[in-house]
Amino acid sequence: MNDFVIADPGKCIGCRTCEVACVMAHQKDQSLEKLTVENFSPRLRVVKTAKVTTPIQCHQCEDAPCAKACAAQAIVQQDRSVQVIQGRCIGCKACLMACPYGAMDLVLTAAPAQGESKVVALKCDLCRKQDGGPSCIKVCPTKALYEVCGSKMVEQMHNRRKRAALGVMSSR
Amino acid sequence: MSRNLKSFVLADSKKCIGCRVCEVACAVAHLDTEIKTVGNMNFSLNPRLYLVKTPEITMPVQCRHCEDAPCLKSCPVSAIKEQSNRIVIDEAGCIGCKSCIMACPFGAIELIVSRQERIGDEEDCLRDEPEVVASKCDLCGGAPACVKACPREALQYVDMVKERTQRRIEAANKMSGFHNEFMVREG
Amino acid sequence: MVAKKIQENIKIDAELCTGCGRCSEVCPVDAIEGEEGKPQSVNVAKCVMCGQCVQICSAYDSPFEQYATSRSQRLKERNMPVVKEPLFAAYYHGDFFKVKKRLADKKQFSMVQCAPAVRVSLAEEFGMPLGSLVPGKMVAALKRLGFTRVYDTNFAADLTIMEEGSELVKRITEGGSLPMFTSCCPAWVKFVENEYPELIDHLSSCKSPQQMAGSMFKTYGASVDGVDAREVYSVAIMPCTCKKFEASRPEMKSSGYQDVDAVLTTRELAYLIKEAAIDFNALPEESFDKPLGMYSGAGTIFGVTGGVMEAAIRTAYELITKEPIENVNVTSVRGEQGVRKVTLDTGTLKLKTVVVSGLKNVIPILEDIQRGKADFHFMEVMTCPAGCISGGGQPKMLLPVDGRIAYVNRKFSTYQHDEEQRYRKSHENPEIQDIYKKFLGEPLGHTSHKLLHTHYKPSR
C-alpha cells in the first residue's frame, strides 16, 4: 500500500503553516522574499468550511484516477506513492477532472525556458526528494498532520482484526 | 506564473444517450451562414466533437484546451493559437499537414473541407480544389452550442478552478468527525 | 397488397441508429422497439406512419465515421434524389422519382393539390424564415414543374366541412354513433382501426380532404377540362408521411381509378423544385386554378390542431341556428394543450366538443367512451403535436429548439392566412356552393356518398 499524509481536523487550527512549508520544500531558493501571490503554489490546501477546517491533499490512491485519466502517461505509481513526471504533462486537465479530492494543481509558467514544459502538474509528492519526510508534518504547530505508512497500515489492520476477534471472544 | 486554467467541455457518459444532437448543434453553430432546416444543407455536418459509442461507453469526446497544448506546439505554421484563454485553429493559416492530429492524445482534431471564402486572395481564387483544414472545438466563443443543445444535460462546460474548489470543500466536509489519532496512536 | 407494403414506409437505418431512444419517446403508439443503445426497429403492425420519429432523429451520417453502406446506396434505399444534406437514421420512403418521371412527360394531364400546412412551411426549405406564408409562390413553383392544374386541398377541406358538419347534425338529430370523431388524419384513423376497432363507428364516414380532392379531380375536375379520368395524374403535396399510405388504401378508388396517384411530402416537393433549378424565392405570386382551388379561411386552418373543429363550428352553428356565428374566430378551440374541451351554445343545443393533439392524449378519452362515460358530441383528433403543421413530412429542423419556433410561426401564418380570405366559412365558398348545385346535389346525398365518404376496417 502507498504511504500518504492526512490531517486530523480536530486538531487543525487553519494556520496554513503547512502550506508555506510545502512551498518552501519544493522551491530551490529558500528565501521567503521570493514568495509572491502568483507563485505561491502549495500541494496541500487548507479548506475552511462551516463544519470543518483541514488541509486537503493527495491520498496516493492505489488505483489512482488521475493516473488512469492522464493522456500523456505523466502520472505513475512509484516508490509507494503517485508521482508526476513533469516533462510529459501537456496540461489537459484530465487529472484535475478525475481527482475527487481536488488535490491536483496545474501551474503555468509565463515564459518557460527552451525545451521546458509550460505547465507543471502539482500534487503532494510526500517530499520524496527531500530528506526527513513531508515538511508539512514537521511544521504543524498542533501536530494535526500525520504520515500513514503503507506497510504499517497493513500491520495495523491485522492488529485491528485480532482485537475485533478477541472482543467477540470475550463477550461470549 | 498563472493559475487561470482554460475551460473545456466534458461529457458525462452516465447521462449521454448517444443521440448526436450535440454534434449537429456543433456543426450548425460553425456554419458560415444561418441554416435551420436539413433541406438547406448542401454539405455534410462537420462537428467538432465526436460521439464515441462502444459496448462499454457512450459519450462525445472533444478538445480539452490543454494548457501546454501539443497540437499548438506541433504546428509548423503557427496556425494553432491561444486566444481569449482558448486553443483555436486559424483555418486560413492551416496547411493540412496533420501534425496536430498526430500530436493530440484525445483524437479531438479532424480534417474538414473548409468553406471559408477567401475573397481578395487571387492565388486562392484560382485554385478550385477544396481546401482541407484542421478543425476542433473552439468553445463557440464561450457559450458552447453542444452544452445548450444536449437533451439530457450530459455536457458540462467545466470551469476547472471552480470545480476543484468545490471538490476540496466536499472532501473537507467528509473529514469532519474523522479522527485519525487512532491510527497514529497505534502507529 | 400495395397498402400492406406501404405500411412499412417508416424505417430506421440500423447502421446510423445509435439507440438513443428519443424516437420511442415521441412515438404515440410505442411502435419503436429495441434495446437501449442498440439500433431500433419499427413494429409495422403498430406504426401509424406519423413520422414524428423522422422529425426527432438526430443520428446522422457523420463524415468522420466509416459505414458499410455507401451514401448513394442509402439515398437509393430512401428513394431520395442526389442531395448533399445529412441523412438520419429514421426515414421514410419517398416518391420523388415516380412523380418526376410522370412530370417529364409533357403530354401528361396532371392535377395537384396542396395541404394547408405546406404553404406555411415550404419556404423554409429555401432559406426563408420559419413559418413563411407562401401560397402564391408555391402555386407558381407547381406550375413551373409542369402540373396542368394546380388545385387545393383547402377546397376539399371546405367540402369536408359541408359533409362532416351535416353528418354531425344528422347523427345528433336522427341518431348515430356519438361522439363523432373527425377522420381527416390518416394516422388517427389507422390508430382506431388498429387499437380500438370497436369504436370505428364513431369515426366520421367522410374521407379526408386529400381523398375528397382526389375523387373530385378524377370526376368533376376531369369533366371541367374535358379529359378522361384515366388520363389524369393526381398528385397530393402533404406535410404528412401517413398520407402516402392513405392514398394507397385499396378502397380509395371511388372515381374508378386510384383517386390520388402519388403523395409527395413538403420536403419532396422542395427536392423537385431544387432539381428543376427553379429560383423559389424569386417566383411571382400566382393563384390556384378554379374551380377546385378556391377556398375559405375555414379550409386553411385544417392544418392546425383545433382547425377542423373551428371550421366545423363556423358552419355547424349556422346549420343549427340558421344565424351567422357572432365571432368567426373561435379562439376557445385554439391552444397548446393536448386536450381542449369546448362547449358551443347554439340555443337549442349545447354542442360539446373535444380537440386532441397528440395520439397519446386521446387514449384516456377513448377508454371513457368504452366505459360509456363520454359526454360530448364531437371530437377532433390530430396525431402530430401541433397538428399537420408539425407533420412528419414537413421540413426537418437541424436543432430541436428551431422545431418549437417553426410550430409557433407556422401556426401564426395559418391563422393569418385565414384572416386574409374573403370567405371565412366553408359554406360561403362560392365554388363549394356551385359544385353542390352542378354536381354533388346536397351534402350526404347520393353522389357525395359515393365519392366523398368511406368505410373503415378493423386491422385485427
Side-chain angles (χ1 to χ4, degrees), chain B residues 13-31 33-62 101 107-113 115 130 132 135-136 145-146 148-152 154, chain C residues 16-25 36-39 54-65 71 80-81 83-89 91 121-131 265-271 273-274 394-403 405-406 409:
Chain B
S13 65
K14 288 189 204 80
K15 290 184 185 167
C16 177
I17 54 171
C19 68
R20 299 201 115 118
V21 166
C22 55
E23 289 192 13
V24 176
C26 174
V28 169
H30 292 93
L31 292 172
T33 50
E34 191 182 59
I35 294 180
K36 294 199 183 285
T37 79
V38 173
N40 279 301
M41 289 289 297
N42 205 15
F43 35 81
S44 60
L45 290 164
N46 288 318
R48 293 154 185 236
L49 76 173
Y50 320 97
L51 177 70
V52 172
K53 191 167 164 54
T54 72
E56 300 82 35
I57 200 158
T58 298
M59 66 179 269
V61 164
Q62 59 287 86
I101 296 180
I109 306 178
E110 269 286 359
L111 282 184
I112 60 160
V113 177
R115 286 168 297 96
V132 174
S135 138
K136 70 162 203 71
C146 53
K148 209 171 121 194
C150 178
R152 291 293 187 276
Chain C
L16 296 182
C17 180
T18 60
C20 74
R22 286 165 78 235
C23 52
S24 57
E25 280 171 23
E36 193 185 307
K38 301 265 171 66
V54 176
Q55 290 290 357
I56 199 168
C57 181
S58 50
Y60 72 107
D61 56 338
S62 169
F64 307 127
E65 300 223 8
R71 187 178 167 87
M80 278 173 76
V83 287
K84 290 179 180 167
E85 65 177 52
L87 302 177
F88 295 80
Y91 68 96
S121 66
L122 179 62
E124 294 166 4
E125 292 287 60
F126 300 92
M128 285 167 78
L130 300 181
T265 61
T266 312
R267 297 216 55 205
E268 289 175 283
L269 173 60
Y271 293 146
I273 297 170
K274 282 179 185 174
Q394 290 284 59
K396 179 178 164 78
M397 296 300 138
L398 286 160
L399 300 179
V401 59
D402 286 326
I405 296 168
N409 293 2

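Everything quoted here is computed from the prediction, not taken from an experiment. Chain A is the first sequence line, chain B the second, and so forth, proteins listed ahead of strands; every chain is numbered from 1.
Residue Y271(C) does not touch chain B at all, counting heavy-atom pairs closer than 4.5 Å. Contact of L111(B) with chain C is made through the backbone alone, with heavy-atom distances under 4.5 Å. For a residue to count as touching a neighbouring chain, one of its non-hydrogen atoms must lie under 4.5 Å from one of that chain's; by this rule L130(C) touches chain B with the side chain only. Heavy atoms closer than 4.5 Å to chain C are found nowhere in T58(B), neither backbone nor side chain. In this structure, chain C has a heavy atom under 4.5 Å from the side chain of V28(B), while its backbone stays farther away. Neither the backbone nor the side chain of P55(B) comes within contact range of chain C, judged by heavy atoms closer than 4.5 Å. The contact between P86(C) and chain B is made by backbone and side chain atoms together, counting heavy-atom distances below 4.5 Å. Interface residue E25(C): only side-chain heavy atoms are found under 4.5 Å from chain B.
Contact detail for E85(C) and G39(B): the closest heavy-atom pair is OE1-CA, 3.5 Å. Of all the heavy atoms in A25(B) and L399(C), the pair that sits closest is CA-CD2, 3.4 Å. In terms of heavy-atom proximity, L398(C) sits nearest to V24(B) at O-CG1, 3.4 Å.
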| request: Mind running side-chain contact (heavy atoms from CB on, under 4.5 Å) on I17(B) and R22(C) for me, showing each step along the way? | output: CA-CA 9 Å; I17(B) 54 171; R22(C) 286 165 78 235; 3.8 Å; yes

| said: side-chain contact (heavy atoms from CB on, under 4.5 Å), that's the test. Do R267(C) and V38(B) meet it? Break it down for me. | reply: CA-CA 10 Å; R267(C) 297 216 55 205; V38(B) 173; 4.1 Å; yes

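With chain C as the partner, the residue from I112(B), L51(B), N42(B), L45(B) showing the most heavy-atom pairs under 4.5 Å is L45(B). Of the listed residues (P63(C), G19(C), A89(C), P395(C)), the one with the most heavy-atom contacts under 4.5 Å to chain B is P63(C). Per-residue heavy-atom pair counts under 4.5 Å with chain B were compared for E125(C), K274(C), E36(C), and the maximum is reached by E125(C).
E124(C) and T37(B) are not linked by any side-chain donor-acceptor pair at a separation below 3.5 angstrom, with hydrogens and angles left out of the test.
Under the 4.5 Å side-chain criterion, counting only non-hydrogen atoms from C-beta, F64(C) is in contact with P47(B).
Using a distance-only test at 3.5 Å, with no hydrogens or angles considered, a donor-acceptor pair links the side chain of K53(B) to the main chain of G37(C). One N or O on the side chain of N40(B) and one on the backbone of G127(C) form a donor-acceptor pair closer than 3.5 Å.
Note on R20(B) versus E65(C): salt bridge recorded, some NZ/NE/NH1/NH2 to OD/OE distance being below 4.0 Å.
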